[in-house]
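Along the sequence shown, residues are numbered consecutively beginning with 1.
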Amino acid sequence: MLLSWNTLQEAADYLTEQTGQKWTERAVLDVTLKTYQAFPENPPSTCLKAAPPKNTQFALYKWDDEIGTPANPFVFQHYLPWQKIPLFPVHVAELLGCGETDANIARRPEDRNGEAGRYVFVEPKEQPFPITLSMVVISGDDLQLLAFHAVGQNRDKIIELAANDGKNIDWAHWLGLPFWKPEEAVSLLMLYEPGTSPRNPDIRAELDKKIQAALREQACGKLPEHVAPAAWIEWAKGKGWIIPSQLEGLAAKQPEPEGGKAETLSEARGPLPKIKTNRTNNEKTNILSAVIERAEKDAENPNDNQSIWAAFVNLAKLEDETRPAPLLGFVYENGVKYMDANGASFISKRNFLKRLNRKKEPTKTR
């Protein structure tokens, strides 16, 4: 029986039923670890979580270099309700090896529901929180993924089958169309058959949010009326989405629609601004020059570089329909994300401030 949340033993029982082979708690840990060994650097959290005792205390902290100290940059914000703790491959390896592990972070900025610069710790945050096998749980959706993995499917195919109740998306139909509607494109990029609704409320909310973002960009002219599958993939890459293997390289085989072809994003946007030399400050201007000038005008103190950076970040955080091109967003650890001729790039605070300082340097005479 598949539950919303399953213990390791319940997961082992389900996998035994699905595969016809005997599964144990350790076998569930082992297949989970092998699944996530495909990420040798900066691995994501696994599908396993720890459900600590109900009286476990959680708190939100903000990373703040100014208020915090170099030894402890985390500044307490407020306490939070009980929640589950994500387990990373290192935790799973320790559970498999000795039956216990420890962790003290329940949410990071880079997590799917994370916020820039904000961390959720188990209190007291200075002490590692012990986790035992009895605390480990897995959601029903993720357990289905493990079941598909156990019978030898690749990662994206696992997700596709799990998302669609074990059925394949009709790729021959969708890739044979000259263009996709926004709701069709987002569903396919998230490996859902268009017209179906995810059971998981978090995934359903994410799907709806991305569809609304695509509709807004189409309404304000950032996306053309008819967008070819290949152009949707280009758009999604620009947003930093992970493109499933089912769509990589396949969309190039699109037939042209009757009466003309669907626009690509580059055709709809026009050419990117050319790089030119600005002899006033002995520096090359580039695609960011115009938006940096706007940040200088918006800054509370246009003579202070820190104030200009804050205005620049605020521009990057605007909603899609109001955010100035070529900005794509802001990631706390990396800086402001933007699109240039080579794809998505980042400019860090440090490099941004260096650029402003160079701009203010007096022109050298020959």
Side-chain angles (χ1 to χ4, degrees), residues 44 107 109-118 139 141 156 159-160 162-165 169-171 173-175 177-244 246-248 251 254 257 262-270 291 312-332 334 336-339 343-344 346:
R107 193 173 72 218
E110 60 268 27
D111 293 342
R112 190 180 68 180
N113 297 323
E115 300 177 75
R118 296 182 181 271
S139 73
D141 286 344
D156 287 334
I159 296 173
E160 177 187 341
N164 298 280
D165 295 325
I169 292 175
D170 189 356
W171 293 112
H173 167 72
W174 293 110
L175 290 171
L177 297 179
F179 57 84
W180 294 337
K181 299 176 182 178
E183 58 272 23
E184 296 169 345
V186 173
S187 294
L188 291 168
L189 285 161
M190 291 183 64
L191 292 176
Y192 281 88
E193 181 77 33
T196 62
S197 180
R199 293 190 304 273
N200 186 308
D202 291 337
I203 298 177
R204 186 164 61 248
E206 182 182 356
L207 178 70
D208 291 341
K209 182 179 180 180
K210 288 182 174 180
I211 290 174
Q212 291 305 313
L215 288 169
R216 284 195 299 270
E217 292 207 7
Q218 201 168 53
C220 68
K222 288 187 177 181
L223 284 171
E225 180 181 0
H226 296 119
V227 184
W232 277 117
I233 294 172
E234 177 191 345
W235 175 80
K237 286 181 177 179
K239 297 291 183 184
W241 297 10
I242 297 175
I243 307 302
Q246 291 91 325
L247 290 176
E248 284 285 5
Q254 301 303 311
E263 291 181 275
T264 65
L265 295 192
S266 57
E267 291 170 339
R269 294 173 181 151
V291 73
F312 188 60
V313 170
N314 287 337
L315 291 174
K317 289 182 176 180
L318 291 173
E319 293 293 331
D320 289 341
E321 65 269 21
T322 56
R323 185 191 307 124
L327 302 186
L328 297 174
F330 175 70
V331 178
Y332 184 81
N334 300 324
V336 170
K337 186 177 183 180
Y338 66 96
M339 177 68 74
F346 285 94

Please test L247 against W171 for side-chain contact (heavy atoms from CB on, under 4.5 Å), starting from the C-alpha separation and ending with a verdict. CA-CA 9 Å; L247 290 176; W171 293 112; 3.4 Å; yes

If you apply the rule side-chain contact (heavy atoms from CB on, under 4.5 Å), what do you find for R216 with K222, and how did you get there? CA-CA 9 Å; R216 284 195 299 270; K222 288 187 177 181; over 6 Å; no

Decide side-chain contact (heavy atoms from CB on, under 4.5 Å) for W232 and F179; before the verdict, give the C-alpha distance in whole Å, the side-chain angles of both, and the deciding distance to 0.1 Å. CA-CA 9 Å; W232 277 117; F179 57 84; 5.9 Å; no

Please walk me through it: do L175 and W180 pass side-chain contact (heavy atoms from CB on, under 4.5 Å)? CA-CA 9 Å; L175 290 171; W180 294 337; 4.0 Å; yes

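Remark: the backbone N or O of D170 is paired with a side-chain donor or acceptor of E193 at under 3.5 angstrom. Looking only at distances, a side-chain donor or acceptor of Q218 sits under 3.5 Å from a matching main-chain atom of P224.
For the atom pair CD (Q212) and CD (E183), the distance works out to 9.5 Å, reported to the nearest 0.5 Å. Atom-to-atom distance recorded for K337:NZ and K239:NZ is 9.0 Å, nearest 0.5 angstrom. Taking CG of L189 as the reference point, atom NZ of K237 lies at 10.5 Å (rounded to 0.5 Å). Going from atom CD1 of I211 over to atom NZ of K209 covers 13.5 Å, rounded to the nearest 0.5 Å.
Closest non-hydrogen pair, A116 versus P109, comes out as CA-CB, 4.2 Å. Nearest heavy atom pair, residue A214 against residue L223, reads O-CD1, 3.8 Å. Closest approach of L188 to I169, counting heavy atoms only: CD2-CG2, 3.7 Å. Closest heavy-atom contact between V186 and K210: CG1-CB, 3.6 Å.
For K317, the side-chain contact (heavy atoms from CB on, under 4.5 Å) partners two or more places apart in sequence, or in a different chain, are V313, F330. Partners of E184 according to the side-chain hydrogen bond (donor to acceptor under 3.5 Å, both in side chains) rule, which considers only residues two or more places apart in sequence or in another chain, do not exist here. In this structure, K181 has no salt bridge (Lys or Arg N to Asp or Glu O under 4.0 Å) partners at least two apart in sequence or on a different chain.
Counting only heavy atoms from C-beta outward, the side chains of L207 and S187 approach each other to under 4.5 Å. Using a 4.5 Å cut-off on side-chain heavy atoms (C-beta onward), L318 and P324 make contact.
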